[in-house]
Amino acid sequence: MSDYMAEFSDFRSDTVTRPTKKMRKAMAEAVVGDDVLGDDPTVQRLETMAAEIMGKEAGLYVPSGTMANSIAIKGWTSELDEVIVESRAHLYNMESTHMTFIARVTPRPLSSDRGAMDPEEVERNIRKPSVHIPRTSLICVENSHNNWSGAVVPLENLKSVRAVADKHGLKVHFDGARIFNACHASGIPVKEYAKIGDSLMFCLSKGLSAPVGSLLVGPKDFIEYSRRVRKALGGGMRQVGVLAAPGIVALNEMIDRLKEDNDRAKRLASAIADIPGIRLDPAKIDTNIIIFGFDHPKFFIPEFLAKLKEHAVLALATTGGIRFVTHKDVGDKDIDRAIHAFQKLLAQS
Ligand code: TLP
């Protein structure tokens, strides 16, 4: 099997992970049927597994995390509604405004402490019924929190937000794209987090290393409706068991190893934090995402990323500076290579 991009240490995202040999074998051997007609046993198995792992009634396999989030928001809201979101949330900032485009609702972004919204502020921002203003119907939370450098949002905070939602009869949708990274970091079982959301989505195609797909889980009637929305968005897929099969391998075999990714991110962060030009507190690296501020007399961010690439190290520019993400396809040698490149490019200047 050719290893495309093997010459690079690719820290751009955990979405770059390639499927394992076992996943490829599972794809080749998958029993499939037309999933739109309800005939694909492999997809059904994956959806049932996901629902069981999260302690929910039902699951839906969708092509992407973005589609899962957009379907959930559509499912829990009506036009003219408003959704409370954390201001750096992925589904608010990086999903091409599906909230307004598909669900036709408006976001109400709130500030936070590393992804943890203040429950009192959440409550203050719930709209009072009035003909002039939208109706608040949904709160969205995210954990681990991508744009807060993979921060783990404390369970107690999420419970307080959930309590506010219950008091006001609102729904909660949980973007758990990297929920298992959060579980490793906090030691909290995934079902405890999943209880916070009426619905939850998580990604197979990130650290879990499956090639495609995410799962949306929640109550049976909500998932039935979500299946219709998925179809309307063009996300009904036919013999898609070939894609679900590696997802099953991912759930069986790839969750435990995510701890390694969290540990490697800590090692990288600690090694580079004191290098001139880097603004980073390694104590704040909870999971597999490192976002650091960059302010160096010699380079602007794009030039520095180009220099890193010359050292075969790939990373991305992001709003907060530069992002490195650890995953299955970057091992200890890649971390060493990155540290060496940082030292060579920045330390002696
Ligand atoms: N995140 C991707 C990019 O979109 C930036 C990444 O490389 O981190 N929720 C969260 C928290 C995410 O980080 C992502 C993807 C999504 C949702 C969307 O998932 P996909 O890419 O499958 O649509």
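Note that ligands are numbered from 1 as they come in the structure, with each ligand's atoms numbered from 1 the same way. Hydrogens, waters and symmetry mates are skipped; everything else that's a heavy atom, side chains included, is used. Numbering of residues begins at 1 and proceeds along the displayed sequence.
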Contacts table for ligand 1: protein N or O within a distance under 3.5 Å of ligand N or O, distances only.
{"unit_1": "ligand 1", "atom_1": "1 (N)", "unit_2": "His90", "atom_2": "NE2", "d": "3.1"}
{"unit_1": "ligand 1", "atom_1": "4 (O)", "unit_2": "His90", "atom_2": "NE2", "d": "2.9"}
{"unit_1": "ligand 1", "atom_1": "7 (O)", "unit_2": "Ser13", "atom_2": "OG", "d": "2.7"}
{"unit_1": "ligand 1", "atom_1": "7 (O)", "unit_2": "Arg323", "atom_2": "NH2", "d": "2.8"}
{"unit_1": "ligand 1", "atom_1": "8 (O)", "unit_2": "Asn146", "atom_2": "ND2", "d": "3.0"}
{"unit_1": "ligand 1", "atom_1": "8 (O)", "unit_2": "Arg178", "atom_2": "NH2", "d": "2.8"}
{"unit_1": "ligand 1", "atom_1": "8 (O)", "unit_2": "Arg323", "atom_2": "NH1", "d": "2.9"}
{"unit_1": "ligand 1", "atom_1": "8 (O)", "unit_2": "Arg323", "atom_2": "NH2", "d": "3.4"}
{"unit_1": "ligand 1", "atom_1": "9 (N)", "unit_2": "Asp175", "atom_2": "OD1", "d": "3.2"}
{"unit_1": "ligand 1", "atom_1": "9 (N)", "unit_2": "Asp175", "atom_2": "OD2", "d": "2.7"}
{"unit_1": "ligand 1", "atom_1": "13 (O)", "unit_2": "Asn146", "atom_2": "ND2", "d": "2.8"}
{"unit_1": "ligand 1", "atom_1": "13 (O)", "unit_2": "Arg178", "atom_2": "NH1", "d": "2.8"}
{"unit_1": "ligand 1", "atom_1": "19 (O)", "unit_2": "Lys206", "atom_2": "NZ", "d": "3.0"}
{"unit_1": "ligand 1", "atom_1": "22 (O)", "unit_2": "Gly65", "atom_2": "N", "d": "2.8"}
{"unit_1": "ligand 1", "atom_1": "23 (O)", "unit_2": "Gly65", "atom_2": "N", "d": "3.4"}
{"unit_1": "ligand 1", "atom_1": "23 (O)", "unit_2": "Thr66", "atom_2": "N", "d": "2.9"}
{"unit_1": "ligand 1", "atom_1": "23 (O)", "unit_2": "Thr66", "atom_2": "OG1", "d": "2.6"}

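Under 4.0 Å is where a charged nitrogen must lie from a carboxylate oxygen, and between Arg267 and Asp263 no such pair does.
Using a distance-only test at 3.5 Å, with no hydrogens or angles considered, a donor-acceptor pair links the side chain of Asp40 to the main chain of Gly241. Under a 3.5 Å cut-off, the side chain of Ser209 and the backbone N or O of Ser205 do not form any donor-acceptor pair. Without hydrogens or angle criteria, Asp35 side chain to Gly236 main chain gives no donor-acceptor distance under 3.5 Å.
For Trp148 and Glu142, the side-chain atoms include no donor-acceptor pair closer than 3.5 Å.
Residue pairs meeting the side chain to side chain donor-acceptor pair (under 3.5 Å) criterion with at least one partner in residues 270-295, sequence neighbours excluded, are Asp14-Asn288.
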